[in-house]
Amino acid sequence: MTSPLRRPLIAGNWKMNLTLAQSVELAKAVKEGAASASGETAVAVAFTAIPVVAEVLRGSSVRLSGQDCHWEAQGAYTGEVSAEMLKDAGCQMVILGHSERRKLFGESDEQVNRKLGAALKAGLTPIVCVGETLDERETQKTWRVLETQIAGGLKGFAPADLSKIVIAYEPVWAIGTGKTATPAQAQEAHLFLRGQLKKLHGDAFAQGTRILYGGSVTAENVDSLMAQSDVDGALVGGASLKADAFKRIMAFKAP
Ligand code: PEP
């Protein structure tokens, strides 16, 4: 049985998109959509848009997230933003280890692990992303990759530290490609990941941790993905930029 701790979460990742005016407009639509949402909702916006979106979302149930953070609280790290700064600007969550950060900016599991420490210290809910590339899937390395990313990313923390952590399974081959994992593929990977969480910190921890699916989630496929017993929500890129599509995703229907 799904744990009541695993309240479904739909998180939109706006990536490096939208002007301030567009961010405000979309945030207003998401706030309006929260009334008919089936679970919790979050939006991960560009650093520059955080204060204006925080203002729009004030008093609503929609959570505000950063898309990344540095592992230090402050200092000589030109161009970086710390978890403390995100918190101060109005965020409650932060995405860590997104595959675009891993692939385009060389982010390692060790760095994800350090960022996780900073996010937890700042009181942010981290969404830690893991997922295999197409080549890794085709050469039967999916399970090894997921195991390594989970073990490396979560290393050194006690289950109590990680009580609010959210994992996002994002097969790299499905991100921004229009190729979604089938509900069965998503379920298989989520079950595997839950097994890894159990191996790390026991069954109660594994059963209480939300695992989101990400990779070309749309208004059309969200219901079948959310119907899977180990899929606790979605991390949505492209479709989160379209108000109507995202509102429908927020209002997913699952048995
Ligand atoms: C993402 O970037 O996290 C993502 C899942 O993107 P998309 O929905 O566009 O595939």
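Since the model is a prediction, treat every value here as computed from it, not as a measurement. The analysis underlying the following values was restricted to heavy atoms, covering all of them including side chains, and did not include hydrogens, waters or symmetry mates. Every number for a ligand or one of its atoms is a count from 1 in the order of the listing.
Atoms of ligand 1 found under 4.0 Å from any heavy atom of Gly215 (numbered from 1 in listed order, with element): 5 (C), 10 (O). Counting the atoms of ligand 1 from 1 in the order shown, those under 4.0 Å from a heavy atom of Ser216 are 7 (P), 8 (O), 10 (O). For ligand 1, the atoms sitting less than 4.0 Å from at least one non-hydrogen atom of Asn13 are 2 (O), 3 (O), numbered in the order shown with element in parentheses.
The protein heavy-atom contact nearest to atom 3 (O) of ligand 1 is Glu170 OE2, 2.7 Å. Nearest to atom 1 (C) of ligand 1 among the protein's heavy atoms is His98 NE2, 3.2 Å. Nearest protein heavy-atom contact of atom 9 (O) of ligand 1 is Gly238 N, 2.8 Å. Closest to atom 2 (O) of ligand 1 among all protein heavy atoms lies Lys15 NZ, 2.5 Å.
Considering only non-hydrogen atoms, atom 10 (O) of ligand 1 lies nearest to Gly176 out of Gly176, Gly237, Gly12.
Ring planes of His190 and Tyr169: perpendicular class, angle over 60° (limits at 30 and 60°).
In summary, the side chains of Thr177 and Lys179 do not present any donor paired with an acceptor at a separation below 3.5 Å, with no hydrogens or angles considered.
The main-chain N or O of Gly131 is found under 3.5 Å from a side-chain atom of Gln149 such that the two form a donor-acceptor pair. With hydrogens and angles ignored, the 3.5 Å screen pairs no side-chain donor or acceptor of Glu170 with any backbone N or O of Ser99.
Of all the heavy atoms of Ile175, the ones lying under 4.0 Å from any atom of ligand 1 are found in both the backbone and the side chain.
For the side chain to side chain contact (heavy atoms under 4.5 Å, CB included) criterion with Ile95, the lone passing option out of Leu235, Val166, Val128 is Leu235.
In terms of polar-atom proximity, defined here as any N/O pair under 3.5 Å, Thr177 makes no such contact with ligand 1.
Ligand 1 lies less than 4.0 angstrom from a heavy atom belonging to Ala174.
Ion pair Glu110/Lys155 not flagged as a salt bridge, since none of the NZ, NE, NH1 or NH2 atoms sits closer than 4.0 Å to an Asp/Glu carboxylate oxygen. Comment: Arg7 does not engage Asp232 in a salt bridge, judged by the lack of any side-chain N to carboxylate O separation of less than 4.0 angstrom.
Taking the side chain as every heavy atom from C-beta outward, Arg194 and Gln207 approach each other to under 4.5 Å.
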